[in-house]
Amino acid sequence: MKAKVINILQKALKEKKIKLKKEEIEKLVEVPPSIEMGDYAFPCFFLAEKLRQEPRQIALEVREKIRKFPLTDFDDVQTKGPYINFFLDRKGLARKVVWEAITQKKNYGRSDAGKRKKIIFDMSHPNIAKPFGVGHLRSTIIGNSLANICEFRGFKPVKLNYLGDWGTQFGKVIFGFTKFGSEKKLHKDPIKHLFSVYVKANKKTYEKKSREWFKKLEQRDKKALMLWKVFSELSLNEFEKIYKILGVKFDVYARESEAVRDSKKIIQELKARNLLKKSEGAQIVDLKKHNLGVCIIEKTDGTTTYALRDIVSAIKRYKQYKFVRMVYEVGQEQKLYFKQIFKVLELMGYKWAKNCVHVDHGLYLDKDGKKFATRKGKTIFMEDILDNTISLAKKEIKKREPKMPKTKLEERALKIAIAAIFYGDLKNNRSNNMVFDIKRFVAFEGDTGPYILYSYARASSILKKTTNQDKFKILELEEKEFELVKKLSLFSEVVEDALKHWNPSLIANYSYHLAQLFNEFYHTCPVIGSKEEAFRLALVEAFRQTLKNAMKLLGIEVLEKM
RNA sequence: GCGCCUGUAGCUCAGUCUGGAUUAGAGCGCUUCCCUCCUAAGGAAGAAGUCGUAGGUUCGAAUCCUACCAGGCGCGCCA
């Protein structure tokens with residue numbers, strides 16, 4: 001429809017001796033703030049200077065030109081001040097939009113996966129022996145949603161969980177366990193125990209010991225390796241429980257430790273390219289020329305760094321997947337770090353380095369507005385968030401259906417809780433920091449996941465109450481109906497934008513507004529038994545289908561009943 | 001000290017990339033109203049804003065530029 005508006009404008013402007021390219025017009029055409037001002041608008045300010053005329057006069061004249069053309073797709077073209085306002089053929093648009101929305105489910109999830117271009121999502125990366133915190137949650141949820149969006153747009157996403165299972169911190173954990181640990185506690189609650197042991201060991205007085213243990217690990221010392229393996233297995237088990245609850249699946253698990261094997265080779269490669277430099281005892285790549293500081297490749301004691309392991313992994317992944325994009329879904333505090341990594345890869349001559357992106361996210365801050373310092377033992381455990389949210393959901397369900405059987409209750413409460421958590425996270429612009437407040441996190445009213453699920457369930461409920469299969473004809477179109485239709489028509493545009501900006505919050509916000517319009521619609525317009533029943537049913541179904549797809553993109557499952 | 005990000009209603013945030021139309025929008029909280037009506041996890045109405053401050057660019061600035069103020073994060077052997 002926008003194309004038609006642009007076409008007609010181009011023709012009309014040509015008659016006024018103004019030649020503009022379609023792209024130029026497209027940039028100027030806008031959607032007015034209210035539907036009383038039409039569906040598309042074209043502002044004439046910029047012509048004022050050229051034509052030495054008042055913008056509103058220009059608008060009037062251009063409108064006259066437009067009115068001479070046959071206007072089959074428009075109800076009207078008006079001017080208001082310096083704007084030319086296009087009123088679409090609303091019934092026609094409604095017919096088209098509703099029809100497309102109802103049938104769009106067929107286009108989702110085609111099976112040409114083999115031919116699709118691959119996009120890697122390096123996401124979640126929890127650290128072995130450390131709690132799965134609210135920070136990992138963000139990476140997991142956002143990465144998951146972006147992968148869904150890519151798939152919807154015809155790419156093949158590869159969700160890769162890069163486990164943090166290597167580094168000096170493991171020296172700390174192993175040392176801490178040998179000094180403060182207990183087998184019994186380890187098996188009872190592995191992560192909490194390992195974490196407490198780690199916090200105890202994370203002191204200056206033990207630093208030397210910890211480094212020794214990490215060095216032993218890199219030299220493949222038997223005892224160190226054995227403990228590390230046990231810790232890894234136990235931690236991974238715990239993480240998988242959480243992923244199962246969240247409903248997030250990975251295509252691949254990768255490990256930092258795997259990268260160590262090839263690290264020597266990459267160091268040779270760096271040397272051959274003359275990039276490596278010894279400085280203060282460590283091997284570094286100097287990036288000061290590029291305003292990026294220095295990137296440490298190998299520590300003074302000869303052990304590998306996070307950076308080296310990431311570089312090794314990236315190279316390996318390109319060989320394996322030939323990705324068109326590799327997205328690192330990691331917190332914004334690592335912005336500089338990723339710039340360094342990408343620069344080093346570029347300097348090594350890897351052209352694909354420009355296809356690596358750091359899609360950062362803001363941090364959860366505590367009530368004082370400070371970062372949660374995991375290393376100091378301050379963190380939010382994912383289990384606590386889940387428990388809190390699920391039990392609140394149960395309470396709410398019981399209020400409404402006190403006799404619901406237990407298994408059904410558990411299942412529904414879980415879905416509602418997940419919707420609350422996912423939506424609560426994704427509605428925020430991903431790069432902003434946010435204050436973590438459990439109360440807000442598990443809220444069920446207003447702009448929340450449950451609100452959207454509720455709207456969906458209402459739509460389902462209406463459809464369930466009827467057997468009407470009539471083909472619809474549109475006799476009259478109410479304001480609320482048309483607003484809903486217009487919103488529905490914007491869905492694919494929003495998804496495209498979300499991908500362009502790597503930002504699921506656009507879809508979350510869209511979903512909320514869509515649900516809001518639907519709620520307003522069914523409060524004003526009775527569906528069943530109305531004159532317009534067939535059309536309204538189709539509209540409800542169109543809404544339902546679109547919202548379901550939107551939720552799927554966010555990683556949220558809808559409920560037929562609330 | 002340098003770099004990046006943020007500053008919009010009491011609170012939490014959309015809107016800022018790509019400057020425009022009336023009254024700068026939501027949600028929470030607060031004040032009212034609506035279940036004989038397709039699920040009240042809902043809807044309607046109201047109070048509440050120097051869009052951090054000061055300049056500048058522009059016919060037009062929450063949106064672009066500059067300076068300043070406040071907060072967050074990052075800046076060599078953590079990941």
Side-chain angles (χ1 to χ4, degrees), chain A residues 27-28 30 32-34 36-37 41 43 45-46 48-49 54-55 80-83 85 125 127 130 164 166-169 172 202 211 256 279-284 291-301 303 305-307 309-310 330-337 339 360 362-363 365 369-371 374-375 393 396-397 399-401 416 420 427-429 431-435 437 439-440 443-455 457-466 500-501 505-506 508-509 512-513 515-516 519-520 522-524 526-530 536 540 561-562:
Chain A
K27 273 189 187 167
L28 290 161
E30 50 189 83
S34 141
E36 290 140 43
M37 300 165 189
F45 301 100
F46 78 107
E49 212 176 328
E54 252 194 88
K80 193 172 181 189
Y83 286 88
N85 295 336
H125 28 77
N127 295 319
K130 278 197 191 172
W166 209 251
T168 313
Q169 55 163 341
K172 289 177 184 172
N202 193 19
R211 284 191 186 284
E256 272 192 63
S279 163
E280 297 171 34
Q283 295 287 347
I284 64 154
N291 254 330
L292 296 171
V294 300
C295 181
I296 299 178
I297 299 294
E298 196 181 77
K299 289 181 254 180
T300 308
D301 64 2
T303 54
T305 60
Y306 179 50
R309 297 193 289 273
D310 252 342
V330 183
Q332 52 115 328
E333 74 271 32
Q334 298 194 34
K335 255 182 166 167
L336 175 63
Y337 167 76
K339 277 187 191 160
D360 66 326
L363 308 169
L365 307 174
K370 301 271 187 219
K371 185 182 169 182
T374 318
R375 282 172 223 159
E396 293 293 321
I397 295 168
K399 264 194 227 165
R400 296 166 177 85
E401 280 186 67
I416 292 171
K427 77 172 176 179
N428 293 92
N429 193 329
S431 53
N432 292 351
N433 289 344
M434 37 211 229
V435 175
D437 177 353
K439 270 189 208 148
R440 206 181 307 279
F444 286 176
E445 273 163 35
D447 185 5
T448 64
Y451 173 92
I452 292 175
L453 290 190
Y454 175 77
S455 312
R458 289 295 299 264
S460 293
S461 157
I462 291 172
L463 294 174
K464 227 174 277 170
K465 289 208 158 79
T466 175
K500 188 173 149 201
H501 298 284
S505 77
L506 298 174
N509 288 331
Y512 176 64
H513 293 302
Q516 226 174 9
N519 287 339
E520 287 169 23
Y522 77 66
H523 272 278
T524 355
V527 176
I528 294 169
S530 70
R536 285 184 183 164
V540 171
K561 253 183 133 179
M562 280 280 274

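Lettering of chains follows the sequences in order, A, B, ..., and the numbering in each one begins at 1.
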Name each donor-acceptor pair under 3.5 Å that joins a side chain in residues 447-454 of chain A to protein atoms two or more places apart or in another chain, with its distance.
from: A:Asp447; atom 1: OD1; to: A:Tyr423; atom 2: OH; distance (Å): 2.5
from: A:Thr448; atom 1: OG1; to: A:Phe444; atom 2: O; distance (Å): 3.4
from: A:Thr448; atom 1: OG1; to: A:Tyr451; atom 2: N; distance (Å): 3.3
from: A:Tyr451; atom 1: OH; to: A:Asn519; atom 2: ND2; distance (Å): 2.9
from: A:Tyr454; atom 1: OH; to: A:Arg458; atom 2: NH1; distance (Å): 2.8

Using a cut-off of 4.0 Å on non-hydrogen atoms, how would the nucleic acid contact of [X] be classed: base, sugar-phosphate, or nothing?
{"X": "A:Glu280", "result": "base"}
{"X": "A:Gly81", "result": "nothing"}
{"X": "A:Asp360", "result": "nothing"}
{"X": "A:Gln516", "result": "sugar-phosphate"}
{"X": "A:Ala457", "result": "base"}
{"X": "A:Asn127", "result": "sugar-phosphate"}
{"X": "A:Ile416", "result": "base"}
{"X": "A:Glu36", "result": "nothing"}
{"X": "A:Ile397", "result": "base"}
{"X": "A:Lys427", "result": "nothing"}

Under the side chain to side chain donor-acceptor pair (under 3.5 Å) rule, collect the residues that match up with A:Arg536, sequence neighbours excluded.
-> A:Glu481
If the condition is side chain to side chain contact (heavy atoms under 4.5 Å, CB included), which residues does [X] pass it with, not counting sequence neighbours?
{"X": "A:Asp301", "result": "A:Lys215, A:Lys299, A:Thr303"}
{"X": "A:Lys335", "result": "A:His358, A:Asp360"}
{"X": "A:Leu463", "result": "A:Leu537, A:Val540, A:Glu541, A:Arg544"}
{"X": "A:Leu292", "result": "A:Leu287, A:His290, A:Leu336, A:Lys339, A:Gln340, A:Lys343"}

Polar-atom pairs under 3.5 Å, protein N or O versus N or O of nucleotides 29-35 of chain B: list them with distances, or write none.
none

Tell me: CZ of A:Arg400 to C1' of B:A41, nearest whole Å?
-> 5 Å
Between the base of [N] and the side chain of [X], is there a donor and acceptor pair under 3.5 angstrom?
{"X": "A:Arg309", "N": "B:A79", "answer": "no"}
{"X": "A:Ser279", "N": "B:G76", "answer": "yes"}
{"X": "A:Thr300", "N": "B:C77", "answer": "yes"}

When you check the phosphate oxygens OP1 and OP2 of B:A41, does a side-chain N or O of A:Thr448 lie under 4.0 Å from one of them?
-> no
Can you name the atoms? Protein N/O to nucleotides 16-23 of chain B N/O, anything below 3.5 Å, with the distance.
from: B:U18; atom 1: O4; to: A:Lys500; atom 2: NZ; distance (Å): 3.4
from: B:U18; atom 1: O4; to: A:His501; atom 2: NE2; distance (Å): 3.4
from: B:G20; atom 1: O2'; to: A:Tyr83; atom 2: OH; distance (Å): 2.7
from: B:A21; atom 1: N1; to: A:Asn85; atom 2: OD1; distance (Å): 3.1
from: B:A21; atom 1: N1; to: A:Asn85; atom 2: ND2; distance (Å): 3.4

Start at the 5' end of RNA chain B and walk down; is the nucleotide closest to A:Asp447 or to A:Gly164 reached first?
-> A:Asp447
Who does B:U66 pair with, Watson-Crick or G-U, both distances under 3.5 Å?
-> B:A54
Partner nucleotide of B:G76 by Watson-Crick or wobble geometry (both distances under 3.5 Å) = none
Between the side chains of A:Lys80 and A:Asn85, does any donor sit under 3.5 Å from an acceptor?
-> no
Could you tell me whether the side chains of A:Asn433 and A:Gln332 share a donor-acceptor contact shorter than 3.5 Å?
-> yes
Within the side chain of A:Thr305, is there an N or O that forms a donor-acceptor pair under 3.5 Å with the backbone of A:Ile296?
-> yes
For A:Lys399, salt bridge (Lys or Arg N to Asp or Glu O under 4.0 Å) partners two or more places apart = A:Glu396
